[in-house]
Amino acid sequence: MSKFLYVTDQDEYTDHSFIGPLFQKYLNRHFEINTIFFSKFKNEIELKDDGRIIIPERSSANLLEELTNKGINVSDYAFVVVRNNTTLLKDILKKKNKYNYKVGFRLSFPKRIAKLQTDEANHKKTLFDVINNKIQTYSEVSLINECDIFLPTSFQMKNDYFKDVKVRTFVIPSAIDPDILHDNIQHEGKEKRFFYAGTLDKLREFETVLEAFSTIDNDKYKLMISTKDPEYLDDMLSLYPNLRTNIEICDAKNREDLLKLIALCDVGLSILPDIALFNSSTPIKVLDYYSSAVPCIMSKNENNTSIFEDNSSAWFSDFSKDAIKEKLEYIISLSKDDIAQVGVNGQKRLLDVRNYERIAADLAHQLNIL
């Protein structure tokens, strides 16, 4: 069995809900996998029984040498894939001929471009930022074109930000693990419970969603929110005092807490502004919702409509107060059984088309024909 090295950009204790199922579980059926994570606190490399390699962050600049010093023969790897970090990618490419491995680059999310757009929303973007982004993008495209395979989250992401990449491309979208599905625990309340999990900032314009809720002419709902931006949330909520009795602020400290909260809700929220950054992939939280068969109201964009069907496996809405309000009122009018069925339909659809087991098999095939 060929050996595969996946170099993440993640801390060893970060939630690995994507990396774990795809690379450490299902791809492990096709290759002997080692996955590198980094540590800010450890001084020595640690080799774990499950194939993980923990490397001190300070050693990342000499990654392959550090592995060699630990007794790992880098030449044994048929494939080395780097996640997001183009500095590491440059070094891996430089030593490609020395160790004779194939190189892949995994782009999970264009973080720099996201920061640039967030700065623009906060009126902090400068001309220097724009020019620097163009220079860095050109440099990144050049590096990716030296790889054997490019692994973005979607073709739209590639076309929007890296259209000049010419190497073989295989899309690895967010998906669900068919082995880990969670029960949808039906709460006993009569109200419809909506749940939002994730970042809150000016770019996401969550106040538009709050405005829609604030104009609903009944109180047969509860909006539950879990975010790592509580101060930002408090500032927003102060503008909608009529929502106070309908809102519950939750504190999910980890993924397990989050999944427990999701399972107690009726509908997940993933409505985002109509911009390329948000339209190019399916947010992880959508997969979290459907892993518990909790249906989702989401942005009406090409990516979502290619997977789900409106009013059958999800609900679509344009990003405006009136459109969101109309969809929310419709959902509130449904029975809990009707809502639950949409969740079941959506989960089945994802198992058919966004399934980590199937993606891993397809990726293995792509790698083996390089």
Side-chain angles (χ1 to χ4, degrees), residues 117-118 120-123 156 189-227 229 232-249 262 265-283 285-286 289-290 294-336 338-343 345-346:
Q117 294 191 348
T118 300
E120 182 178 15
N122 289 305
H123 306 293
Q156 188 171 343
K190 293 183 179 180
E191 78 281 359
K192 304 302 190 312
R193 294 185 185 178
F194 296 85
F195 189 80
Y196 177 86
T199 303
L200 293 171
D201 56 25
K202 285 193 175 181
L203 192 61
R204 285 164 174 78
E205 299 180 36
F206 191 67
E207 61 272 19
T208 301
V209 178
L210 292 177
E211 286 175 8
F213 272 106
S214 72
T215 57
I216 293 175
D217 192 24
N218 71 60
D219 60 355
K220 297 177 182 177
Y221 72 88
K222 180 184 288 289
L223 172 56
M224 302 171 69
I225 303 173
S226 178
T227 181
D229 307 293
Y232 193 92
L233 175 60
D234 286 342
D235 289 342
M236 275 198 300
L237 291 181
S238 67
L239 303 175
Y240 307 97
N242 64 317
L243 287 179
R244 284 294 182 180
T245 57
N246 295 89
I247 287 183
E248 179 181 339
I249 300 174
I262 288 173
C265 294
D266 298 299
V267 180
L269 294 173
S270 183
I271 317 170
L272 295 165
D274 184 15
I275 59 175
L277 184 67
F278 295 143
N279 291 339
S280 62
S281 62
T282 305
K285 61 187 166 190
V286 171
Y289 295 142
Y290 280 100
V294 171
C296 190
I297 173 172
M298 60 185 70
S299 304
K300 187 178 181 180
N301 59 43
E302 184 176 345
N303 178 70
N304 289 336
T305 57
S306 70
I307 304 169
F308 300 100
E309 183 179 349
D310 194 22
N311 297 323
S312 174
S313 52
W315 296 283
F316 300 137
S317 175
D318 293 327
F319 195 78
S320 71
K321 180 189 73 174
D322 291 338
I324 296 170
K325 175 192 175 185
E326 181 180 348
K327 191 62 73 169
L328 290 174
E329 288 181 332
Y330 169 72
I331 294 170
I332 292 171
S333 73
L334 297 174
S335 71
K336 289 181 66 174
D338 287 342
I339 290 174
Q341 186 59 51
V342 174
N345 296 343

Worksheet item: Which value, rounded to the nearest 0.5 Å, describes the distance between Asn218 atom CG and Glu191 atom CD?
Response: 11.5 Å
Worksheet entry | Ser214 side, atom OG; Leu223 side, atom CG - distance, nearest 0.5 Å | 11.0 Å
Worksheet item: Within a strict 4.5 Å, meaning less than it, do heavy atoms of the Val286 and Phe308 side chains meet?
Response: yes
Fill in: Residue pair Met298 / Trp315, side-chain heavy-atom distance below 4.5 Å
no
Item to complete: In sequence, state the C-alpha distance, the side-chain angles, and the governing distance for Leu210 and Met236, and then conclude on side chain to side chain contact (heavy atoms under 4.5 Å, CB included).
Response: CA-CA 8 Å; Leu210 292 177; Met236 275 198 300; 4.0 Å; yes
Worksheet item: Would you say the side chain of Lys336 lies within less than 4.5 Å of the side chain of Lys192, judging by non-hydrogen atoms?
Response: yes
Worksheet entry | Close side-chain approach of Asp201 to Asp229, heavy-atom, < 4.5 Å | no
Worksheet entry | Atom pair CD/CD1 of Glu205 and Ile271 - distance to nearest 0.5 Å | 12.5 Å
Practice prompt. Kindly indicate, with the supporting measurements, whether the criterion side chain to side chain donor-acceptor pair (under 3.5 Å) is fulfilled by Asn303 and Thr282.
Written response: CA-CA 7 Å; Asn303 178 70; Thr282 305; 2.9 Å; yes
Discussion item. Rounded to the nearest 0.5 Å, what separates atom NZ in Lys321 from atom OG1 in Thr215?
Written reply: 5.5 Å
Discussion item. Is there a side-chain contact between Tyr290 and Pro295 in this structure, where contact means two heavy atoms from C-beta onward sitting under 4.5 Å apart?
Written reply: yes
Worksheet item: Which atoms form the tightest heavy-atom contact between Ile332 and Lys220, and what is the distance?
Response: CG2-O, 4.0 Å
Worksheet item: Would Tyr232 and Lys202 count as having a side-chain donor-acceptor pair, cut-off 3.5 Å?
Response: no
Worksheet entry | Under-4.0 Å salt bridge between Asp322 and Lys325 | no
Fill in: Ring centers of Phe213, Tyr240 separated by less than 6.0 Å
no
Response to the item:
Nearest heavy-atom approach of Ala197 to Tyr289 is N-OH, 3.4 Å
Worksheet item: About how many Å separate SG of Cys265 and CD1 of Ile339, when rounded to the nearest 0.5 Å?
Response: 11.5 Å
Worksheet item: Do you know which two heavy atoms are closest between Pro273 and Asn279, and how far apart they sit?
Response: O-OD1, 4.3 Å
Fill in: Any Pro283 side-chain heavy atom under 4.5 Å of Leu272 side chain
yes
Item to complete: Could you tell me the separation between the CG atom of Leu237 and the CD1 atom of Ile247, rounded to the nearest 0.5 Å?
Response: 4.5 Å
Worksheet entry | Non-hydrogen atoms of Lys285 and Leu269 that approach each other most closely | CE-O, 4.1 Å
Worksheet item: Taking atom CD of Glu326 as the centre, does the number of heavy atoms from other residues, nucleotides or ligands within less than 6.0 Å exceed 12?
Response: no
Worksheet item: Is Leu233 close to Ile225 at the side-chain level, that is, under 4.5 Å between some pair of heavy atoms?
Response: yes
Worksheet item: Between Arg244 and Asp234, which heavy-atom pair has the shortest distance, and what is it?
Response: NH2-O, 4.4 Å
Discussion item. Does any part of the side chain of Asp310, heavy atoms only, come nearer than 4.5 Å to the side chain of Lys327, both counted from C-beta?
Written reply: yes
Worksheet item: How far apart are the closest heavy atoms of Thr305 and Lys300, and which atoms are they?
Response: CG2-CG, 4.4 Å
Worksheet item: So, Phe319 versus Phe278, ring centres under 6.0 angstrom or not?
Response: no
Fill in: Option among Thr208, Leu203, Val209 that satisfies the side-chain contact (heavy atoms from CB on, under 4.5 Å) test with Phe206
Val209
Worksheet item: When you measure from the side chain of Thr227 to the backbone N and O of Thr199, does any donor-acceptor pair fall under 3.5 Å?
Response: no
